[in-house]
Amino acid sequence: MTNHLYAKGRVLGFKRAKRNQRPDISLIQIEGVKTAADTDFYLGKRIAFVYRAKREVNGSKIRCIWGRITRAHGGSGAVKARFRNNLPAKSFGASVRVSLSFSSLNKPMEHLSTLTIQKEKSGTLQTRAMILFNNAGVVDKEK
């Protein structure tokens with residue numbers, strides 16, 4: 001287990017049909033995400049494609065294209081992402097970094113531990129314990 005502030009992912013390619021492809025939408029597979037329900041935590045998170053260029057700019061050959069995860073794609077845990085500049089075709093199969101701290105949706109990081117939510121409904125107190133994102137995936141349990 002590494003102590004990164006990002007999750008690793010792979011670029012699968014562009015969104016496409018039989019004859020058309022949409023280079024503005026990239027398909028990403030995030031490590032450890034196996035179902036469409038698992039992707040809910042990552043929606044709105046920022047994603048970075050980091051690569052090395054030949055020419056040095058501002059003292060560095062490392063460049064980055066930033067994007068954002070927009071929605072799930074299919075049932076196997078892949079997600080769709082839009083980048084500021086479209087990813088080049090050479091990025092297919094390359095790794096990307098999914099930031100775990102930035103999100104436009106401001107979701108709490110409840111996937112890291114058990115969260116107890118108490119709701120008052122018609123005078124009775126209901127307690128619902130949700131266990132999210134355990135090592136195998138997302139599990140919801142009601143008590």
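For the single chain, residues carry numbers from 1 onward in sequence order.
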- Message: Would you compute the distance between atom OH of Y6 and atom OG of S95 and round it to the nearest 0.5 angstrom?
- Response: 8.0 Å
- Sequence neighbours excluded - ring pair (Phe, Tyr, Trp, His ring centres under 6.0 Å) pairs with any residue from residues 13-40: F14-F92
- With sequence neighbours excluded, give me every side chain to side chain donor-acceptor pair (under 3.5 Å) pair touching residues 14-29. R22-D24, D24-R82
- Note on the structure: d(S60 OG, R55 CZ) to nearest 0.5 Å is 12.0 Å
- Item | Shared hydrophobic cluster for L87 and L12 (ILVMFWY, side-chain gaps under 4.5 Å) | no
- List, by chain and then residue number, the residues other than I62 in its hydrophobic cluster (Ile/Leu/Val/Met/Phe/Trp/Tyr, side-chain heavy atoms under 4.5 Å); write none if there are no others. V50
- Task: Would you check if F41 and V33 make a side-chain contact, meaning some heavy-atom pair closer than 4.5 Å?
- Result: no
- Task: Show your working on side-chain contact (heavy atoms from CB on, under 4.5 Å) between R63 and V57 and close with a plain yes or no.
- Result: CA-CA 9 Å; R63 312 254 174 94; V57 174; 3.2 Å; yes
- Query: So, do I30 and K8 sit near enough that their side-chain heavy atoms are less than 4.5 Å apart?
  - Reply: no
- Give a yes or no answer on whether the side chain of R10 reaches the backbone of G93 with a donor-acceptor pair at less than 3.5 Å. yes
- Which hydrophobic side chains are connected to I25, either touching it within the sub-4.5 Å cutoff or through other members that do? none
- Is any side-chain heavy atom of V96 closer than 4.5 Å to a side-chain heavy atom of F49? yes
- Message: Do Y51 and I65 make a side-chain contact, defined as non-hydrogen atoms from C-beta onward lying under 4.5 Å apart?
- Response: yes
- Sub-4.5 Å side-chain heavy-atom contact between H73 and V79: no
- Item | Heavy-atom pair of closest approach, residues P88 and S91 | O-OG, 2.6 Å
- In short, T39 meets A72 closest at the heavy-atom pair OG1-CB, 3.4 Å
- Of all heavy-atom pairs between G74 and A36, which one has the smallest distance, and what is that distance? O-CB, 3.6 Å
- Task: Tell me whether I47 is reachable from L27 by hopping between hydrophobic residues (I, L, V, M, F, W, Y) whose side-chain heavy atoms are closer than 4.5 Å.
- Result: no
- Side-chain heavy atoms of I28 within contact of V11, under 4.5 Å: yes
